[in-house]
Structure formats: structure tokens, C-alpha cells
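Reading through the C-alpha cells given below for one structure.
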Amino acid sequence: MSKSLIYVVNNAETVGAANTAVALGNIVRRKGCSFRMNGTSISLVEAGYYDIEVSATFTGSAAGDITLTVYQDGAPVSGATVTETVTTATTENISATIPGIVRVYCNSTSNISLVPSGTPVPTFSNIAVKVVKE
């Protein structure tokens with residue numbers, strides 16, 4: 001059985017808002033029919049397991065902790081979170097990678113998004129998301 005995949009990238013400067021999904025960008029590569037872009041999320045439209053990898057580069061508007069979490073249908077994906085400490089506002093580029101695995105049940109669609117939280121507001125210079133249906 002052939003795997004399906006989607007790779008989306010947003011390399012435009014994007015200012016995140018706490019507890020609000022970030023724009024994931026545009027589809028660069030897609031194979032198969034398991035995915036759709038849905039605003040700030042990727043819709044997983046076939047039952048099965050999906051391997052997710054998010055890579056983000058950002059700066060903070062002030063010193064403090066920024067947490068990035070992958071959400072599935074409005075709930076955090078267990079273990080798919082990272083917290084980075086910003087020490088110098090707007091001049092320190094931080095790169096983070098977040099892996100995760102989610103399951104979609106039969107006869108349902110699921111939405112994956114990236115949500116920042118924490119004290120400083122992040123400004124993203126690059127977001128790349130790869131999802132592979134196993």
C-alpha cells in the first residue's frame with residue numbers, strides 16, 4: 001500500500017496570537033487523497049494513523065517562554081509540544097521541531113493545527129508541516 005503525504009510551508013512573516021491557530025501556509029507537495037487544507041489547519045480525511053512533523057522558526061516580542069503545541073480537533077496532541085525560552089526580544093531566532101502521531105477513526109475527518117501560547121507573542125519566519133499517512 002502506498003503512503004499518502006502532505007507538505008505545507010509558510011515562509012511569510014506571520015505574527016502568532018496566544019491560543020490561536022497559526023496560518024500553516026500553502027501546499028508544496030501532496031501525494032494521495034488523505035488530506036485537504038482547511039484555513040489554518042490540515043484536514044485528515046481518511047481513517048488511520050498519521051505521522052506529523054512540524055518545524056518552526058520564530059522570534060519573540062519580549063523575553064519569556066513560548067510554547068508551540070500541535071492540536072487535533074481543538075485538543076492538544078499528547079507529547080506534541082515544545083517550549084522555548086526567548087532571552088532577547090525580536091533578535092533571537094529560535095528553531096523548534098515537534099513530532100507527533102494521531103489517529104483518525106472510521107467515518108470521520110480530523111483537523112490538525114499549530115497553536116502558540118506563552119508570554120511573548122511569536123513572529124514566525126518559517127513554518128513547515130509534513131504529515132504522512134501510515
Side-chain angles (χ1 to χ4, degrees):
M1 179 191 242
S2 178
K3 292 183 180 182
S4 294
L5 68 87
I6 191 169
Y7 181 62
V8 298
V9 173
N10 183 352
N11 56 10
E13 186 172 291
T14 304
V15 179
N19 304 313
T20 302
V22 177
L24 297 178
N26 298 309
I27 298 171
V28 175
R29 299 279 184 268
R30 178 172 51 190
K31 177 184 176 193
C33 300
S34 300
F35 312 97
R36 288 189 204 112
M37 282 302 295
N38 184 16
T40 58
S41 65
I42 298 171
S43 294
L44 313 177
V45 298
E46 293 182 356
Y49 287 91
Y50 292 81
D51 188 14
I52 301 166
E53 183 178 314
V54 177
S55 177
T57 303
F58 57 93
T59 60
S61 59
D65 291 336
I66 295 175
T67 299
L68 302 177
T69 305
V70 176
Y71 275 66
Q72 180 182 16
D73 299 327
V77 174
S78 181
T81 189
V82 65
T83 300
E84 296 288 345
T85 301
V86 176
T87 57
T88 308
T90 68
T91 59
E92 180 181 9
N93 281 323
I94 297 173
S95 295
T97 302
I98 309 166
I101 295 177
V102 298
R103 180 179 179 186
V104 177
Y105 292 96
C106 292
N107 300 319
S108 65
T109 297
S110 193
N111 294 302
I112 299 299
S113 57
L114 178 64
V115 179
S117 61
T119 305
V121 174
T123 299
F124 295 92
S125 58
N126 187 60
I127 300 170
V129 181
K130 178 178 75 172
V131 184
V132 177
K133 182 177 184 297
E134 297 295 330

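Excluded from the calculations below are hydrogen atoms, water molecules and symmetry mates; all remaining heavy atoms, backbone and side chain alike, are included. Since the model is a prediction, treat every value here as computed from it, not as a measurement.
- Of the N and O atoms on the side chains of Ser113 and Ser41, not one donor lies less than 3.5 Å from an acceptor on the other residue.
- Placement of Ile27 and Ile52 within a single hydrophobic cluster is found when ILVMFWY residues are connected by side-chain heavy-atom separations under 4.5 Å, directly or transitively.
- Within the 4.5 Å cutoff, side-chain heavy atoms of Leu114 are placed close to those of Ile98.
- Although no hydrogens or angles enter the test, the distance criterion places no donor-acceptor pair under 3.5 Å between the side chain of Glu46 and the main chain of Val104.
- The structure places CD1 of Ile6 at 6.5 Å from CE of Met37, a figure rounded to the nearest 0.5 Å.
- What you find for Asn111 and Ser43 is that their closest heavy atoms are OD1-OG, 2.5 Å.
- A continuous path of ILVMFWY side-chain contacts below 4.5 Å connects Val8 to Ile127, so both sit in one hydrophobic cluster.
- Once rounded to the nearest 0.5 Å, the distance linking NZ of Lys133 with OH of Tyr50 reads 5.0 Å.
- Among residues two or more places apart in sequence or in another chain, the side-chain hydrogen bond (donor to acceptor under 3.5 Å, both in side chains) test is passed with Thr67 by Thr83.
- Separating the CG atom in Asp73 from the CD1 atom in Ile112 is a distance of 7.0 Å, to the nearest 0.5 Å.
- The shortest heavy-atom contact between Val129 and Ile42 is CG1-CD1, 3.8 Å.
- In this structure, the side chains of Val132 and Leu5 come closer than 4.5 Å at one or more pairs of heavy atoms.
- Under the 4.5 Å side-chain criterion, counting only non-hydrogen atoms from C-beta, Pro116 is not in contact with Phe58.
- Heavy-atom minimum distance, Arg36 versus Arg30: CA-NH1, 4.2 Å.
- Contact of the Phe124 side chain with the Val22 side chain is registered, since non-hydrogen atoms from C-beta on lie closer than 4.5 Å.
- The side-chain hydrogen bond (donor to acceptor under 3.5 Å, both in side chains) test with Glu92 is passed by exactly one of Thr59, Thr87, Thr85: Thr87.
- For the pair Asn126 (side chain) and Ala56 (backbone), a donor-acceptor distance under 3.5 Å is absent.
- For the pair Val82 and Glu84, the tightest heavy-atom approach, listed with the atom from each and the gap, is CG2-OE2, 3.7 Å.
- In this structure a side-chain-to-backbone donor-acceptor pair under 3.5 Å is missing from Glu134 to Asp51.
- Taking CZ of Arg103 as the reference point, atom CD of Gln72 lies at 10.5 Å (rounded to 0.5 Å).
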Let's go through Leu44 and Phe35 carefully: what are the C-alpha distance in whole Å and the side-chain angles of both, what is the deciding distance for side chain to side chain contact (heavy atoms under 4.5 Å, CB included) to 0.1 Å, and is it a yes or a no? CA-CA 5 Å; Leu44 313 177; Phe35 312 97; 3.6 Å; yes
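- Ser34 OG to Lys3 NZ: the interatomic distance, rounded to the nearest 0.5 Å, is 12.5 Å.
- Taking all atoms of both residues into account, the shortest heavy-atom contact from Ile66 to Val86 is CD1-CG2, 3.7 Å.
- Of all heavy-atom pairs spanning Asn10 and Ala23, the tightest one is ND2-O, 3.0 Å.
- Around CG of Asn26, the count of heavy atoms belonging to other residues, nucleotides or ligands within 6.0 Å does not exceed 12.
- You'll find the side chain of Val54 stays beyond 4.5 Å of the side chain of Leu68, heavy atoms only.
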